[in-house]
Amino acid sequence: MEKMPRWSKITLRIFIGLVALVLLVFVGLGLYVNANKKTLLATITTQLNKNLNGSLTIGSMDPTFFKGFPGVSISLKNVVIKDSLWNVHQHTLLEAQDFEVSVNTMALLTGTIEIKKIGISNAKIDLYTDTSGYSNTAVFRKKDKKKPASDKGSTDAQLKQFSLSNVNFIVDNRKGHKLFHFEVASLKGDMDYSFSGWEAQLKLKTLAKSMAFNTRRGSFIKDKVLEGPFKINYDENTGVIQVAQNQLNIGKDPFMIAAKFDTSKENTEFTIDIKAPSILWRDAANLLAPNITEKLLMFDLKQPIDASCILHGDMGPGGDPEINVTALVNDNVLKTPGALIDSCSFKGVFTNNYEKGKGLTDANSAIKLYQFKGAYTEMPFSIDTVMILNLEKPIATGVFKSKFDVAKLNKAIGTETLKFGKGTATVKLDYKADIVDFKLHKPLVTGTINVVNADVSYVPRRLNFTNTAVSLNFTTDDLFIKNIRLQSGKSIVMMDGRIRNFLNLYYNAPEKILLNWQIRSPQLHLGEFLGFLESRKPVRTAKRNSKHSSFSEDVNNLFEKSKVDMHLRVEKVYYNKFVGTDVMADLFLSEAGIGMKNISVKQGAGSMKVDGNITQTGKLNRFLVNTTLNNIDIKSFFYSFDNFGMTTLTSKNLKGYLFSKSTIGGLITDQGKLVTNSLSGDINFDLKQGALLRFEPVKSVGKFAFPFRDLDNITFSNLNGKFDVRGPLITINPMQINSSILNMDVAGVYSMSKGTNIAVDVPLRNPKKDSDITDKNEKQARRMKGIVLHLLATDGDDGKIKIKLNKNRKKAE
């Protein structure tokens, strides 16, 4: 083994000697401190109290040799700091059971306290400000900037390290209505100083008991654990504390936090920048003040969102800080109080300072949603920009766009009122609406809804339409309904309409809505629209979703309570066996029934005019009509209306052209059938170029009385009379019948069931003998000359009308 060089041995001895000297000095200092701790404690207390407007007391002091090596570490027990007005407010600024201070050894020997490290544990820090603005932090005197630099005794201590453990930290600002309360489990920090300020590296774990910027509204991040590092810089020239962006865990969610505090401004202005790149909606909502959380939890998003928030305010008196929130939502599922929105994407922005200078209030708050897209019950839609202003009385505005298959409306609104089949709808609506309970309330809309190639059924009336087209144009005041095409069976209808003051009446008085229709049709089969005569089927509320059914009920209520003024122009109309052309009509539809005015119909060379009304009462509907017939083919007329319930006299027995005026009332079924026994009214008629063909009651008598006359074709040059209709009984007012084979006087009652009693006086004189007489008076005088048969038409045992001699005729005369 080689010997150590001489110079190495000398160096080693010198090093060992130095270490021994340091240890000797350190032990000596420790013994010195321990021997003089009462004096030193008094010195430290006196030194610190010089800069306090109040008092600092220390229970005891002991050196801890190795914690502060090579310096001296001093453990202080029961450290209490109170301001001069403590007796008034009773809020102690600091109560620390353990207060550890590491001091500079050489400075200690000269009687100067230079603190290198402070550790506080098992303590309470209460920074209190009363309602007048006084704070117990006034215990610390402000630094005297005019004090000479040579006064080294006033040099502030520079902390290199500090720590908090189990510290209850409170900032209670009664004037500003602010309360920050943190239970600090641990806080460790390292300090570096420069000519312009300092820099601190911190590591924090704390429970946030309260973070209330406005105690009247509640706390943010209440009862959440905050854990993470901080890097903080302070610039002494500007008074700005800058917190660099770093990750801070709040509860189970990671956030990126940055902040700025400007202590040069009165009440210390602050800006806090918070980013959450992936957080669930409910978790984010639960971090906010209760008044905001309660509203936000009425909504939910299934997948995490990207959110950020900037808070700007000050620590002085006042309300909430300025809040600006941005959220990015992509292909998410949005749950709202009234709907579930799939494939939802948007950029959302919230601010409580919408118009600068109007205060940080709900009334000056706004929510903006940009490029909102989603699907409601598989119906895709988009809104370029949604604006919700004034959260005290929220008003929403936006432009709603959508294009979808109309069959998807069945799932959205139910099928109790309207049931949709095929077809496509295109929607573009500008809307403005109040928001009540987070639902749009009575929106005002402008824009268009276009539906093409749609099949739709109106369920309460059992009306079915195919290949339907509708164009709705909402203006500020009115609704224009254009280019409607309805097809029901063989009927095709084109319609244009208008409702004045539509939205106001829709929400407030649907019974006052008046829809004006202009209706055109190449052919109309009235039997396909008999649903309007039916008793309405009750609308059953869908149990699966009361909000959907309420919309359906609103639509049904609108259809049934609104009034409709219809102006029809129809090329050809069909009703049972009736066929009319060039139809014009003005109809007024209301909840009570149908009003008819100015109805005119052509039938062949003739025409018919009708006025009247139908009152809807259920299975049977009451009607009253005034009818004028002009040159109507009576054969076709009787055929078209099933001989008006008569079985003896039918269209096969009639020929001629009818001129008539009548007023008839009665009942009509919900299937469009006349209840013949219910008819009541008067009929005045004039039959020109008429003929009675193969009428059996006449033939049965005539074959004996007039065996050589043509009883199969009895012609009338002119026949007129008046009938009084009362239920099944038709009273034939006395009238003269002048025909080709006989003349007769007729009067009595014809019954559609039982009760026929018609007196018929028939002269046996052949009218042909008087055919050459031109004098009307003479011809009339000869009309009843000769033998006259007095006959009576009554009911037979078989239910058919029987003709017999009227034995009581002469007695009656």
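Counting from 1, the numbers follow the sequence of the chain as shown.
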**Item:** All side chain to side chain contact (heavy atoms under 4.5 Å, CB included) counterparts of Asp478, not counting sequence neighbours
**Value:** Thr475, Phe480, Arg498, Arg500
**Request:** Check each of Ser382, Ser343, Cys344, Pro380 against Lys373 using the side-chain contact (heavy atoms from CB on, under 4.5 Å) test, and report the only one that passes.
**Result:** Ser382
**Prompt:** In this structure, which one of Asn249, Asp283, Ile250 forms a side-chain contact (heavy atoms from CB on, under 4.5 Å) with Lys224?
**Reply:** Ile250
**Request:** Compute the ring centroids of Phe400 and Tyr431, then answer whether they are less than 6.0 Å apart.
**Result:** no
**Message:** Among residues at least two apart in sequence or on other chains, which ones pass ring pair (Phe, Tyr, Trp, His ring centres under 6.0 Å) with Phe578?
**Reply:** Phe641
**Prompt:** Is there side-chain contact between Thr468 and Val451, with heavy atoms separated by less than 4.5 Å?
**Reply:** no
**Complete:** For Lys347 and Leu328, the nearest pair of non-hydrogen atoms, with its separation, is CG-CD2, 3.6 Å
**Request:** Would you mind listing every side chain to side chain donor-acceptor pair (under 3.5 Å) that reaches into residues 514-523, with sequence neighbours excluded?
**Result:** Asp496-Arg520
**Message:** Between Lys356 and Glu322, does any NZ, NE, NH1 or NH2 come within less than 4.0 Å of an OD or OE carboxylate oxygen?
**Reply:** yes
**Complete:** For Pro254 and Pro277 the tightest heavy-atom approach is O-CD, 4.3 Å
**Asked** Are Lys572 and Asp582 ion-paired here, with the side-chain N under 4.0 Å from a carboxylate O?
**Response** no
Only pairs under 3.5 Å count here: list side-chain donor-acceptor contacts from residues 298-308, not counting sequence neighbours, and write none if there are none.
none

**Message:** Looking only at the side chains, is there a donor atom on one of Asn626 and Asp611 sitting less than 3.5 Å from an acceptor on the other?
**Reply:** no
**Phe255/Ile279 under side-chain contact (heavy atoms from CB on, under 4.5 Å): CA gap, chis, key distance, verdict** = CA-CA 9 Å; Phe255 290 80; Ile279 187 171; 3.5 Å; yes
**Lys419/Asp455 under salt bridge (charged side-chain N to carboxylate O under 4.0 Å, His left out): CA gap, chis, key distance, verdict** = CA-CA 8 Å; Lys419 184 176 181 180; Asp455 292 349; over 6 Å; no
**Residues forming a side chain to side chain donor-acceptor pair (under 3.5 Å) with Lys422, sequence neighbours excluded** = Asn467
**Request:** Begin from the C-alpha positions of Arg569 and Ile519 and carry the test side-chain contact (heavy atoms from CB on, under 4.5 Å) through to its verdict.
**Result:** CA-CA 6 Å; Arg569 302 294 181 267; Ile519 302 174; over 6 Å; no
**Item:** Results of side chain to side chain donor-acceptor pair (under 3.5 Å) for Asp273 - residues two or more places apart only
**Value:** Lys275
**Request:** Report the residues that fulfil ring pair (Phe, Tyr, Trp, His ring centres under 6.0 Å) with Tyr574, sequence neighbours left out, ordered by chain and then residue number.
**Result:** His525
**Message:** With rounding to the nearest 0.5 angstrom, report the CG to CG distance, Asn324 to Asn352.
**Reply:** 7.0 Å
**Asked** Among Val675, Ile614, Thr615, Thr669, which residue meets the side-chain contact (heavy atoms from CB on, under 4.5 Å) test with Asn621?
**Response** Ile614
**Fill in**
Across all chains, not counting sequence neighbours, the ring pair (Phe, Tyr, Trp, His ring centres under 6.0 Å) partners of Phe350 are none
**Request:** State, yes or no, whether a side-chain contact exists between Val399 and Thr385 at a heavy-atom distance under 4.5 Å.
**Result:** no
**Prompt:** Quick one: ring pair (Phe, Tyr, Trp, His ring centres under 6.0 Å) partners of Phe346, sequence neighbours excluded?
**Reply:** Phe372
**Prompt:** Looking at residues at least two apart in the chain, or sitting in another chain, which of them share a side chain to side chain donor-acceptor pair (under 3.5 Å) with Ser471?
**Reply:** Asn450
**Prompt:** By salt bridge (charged side-chain N to carboxylate O under 4.0 Å, His left out), which residues pair with Asp477, not counting sequence neighbours?
**Reply:** none
**Request:** Go through the structure and list residues passing side chain to side chain donor-acceptor pair (under 3.5 Å) with Ser636, not counting sequence neighbours.
**Result:** Gln603
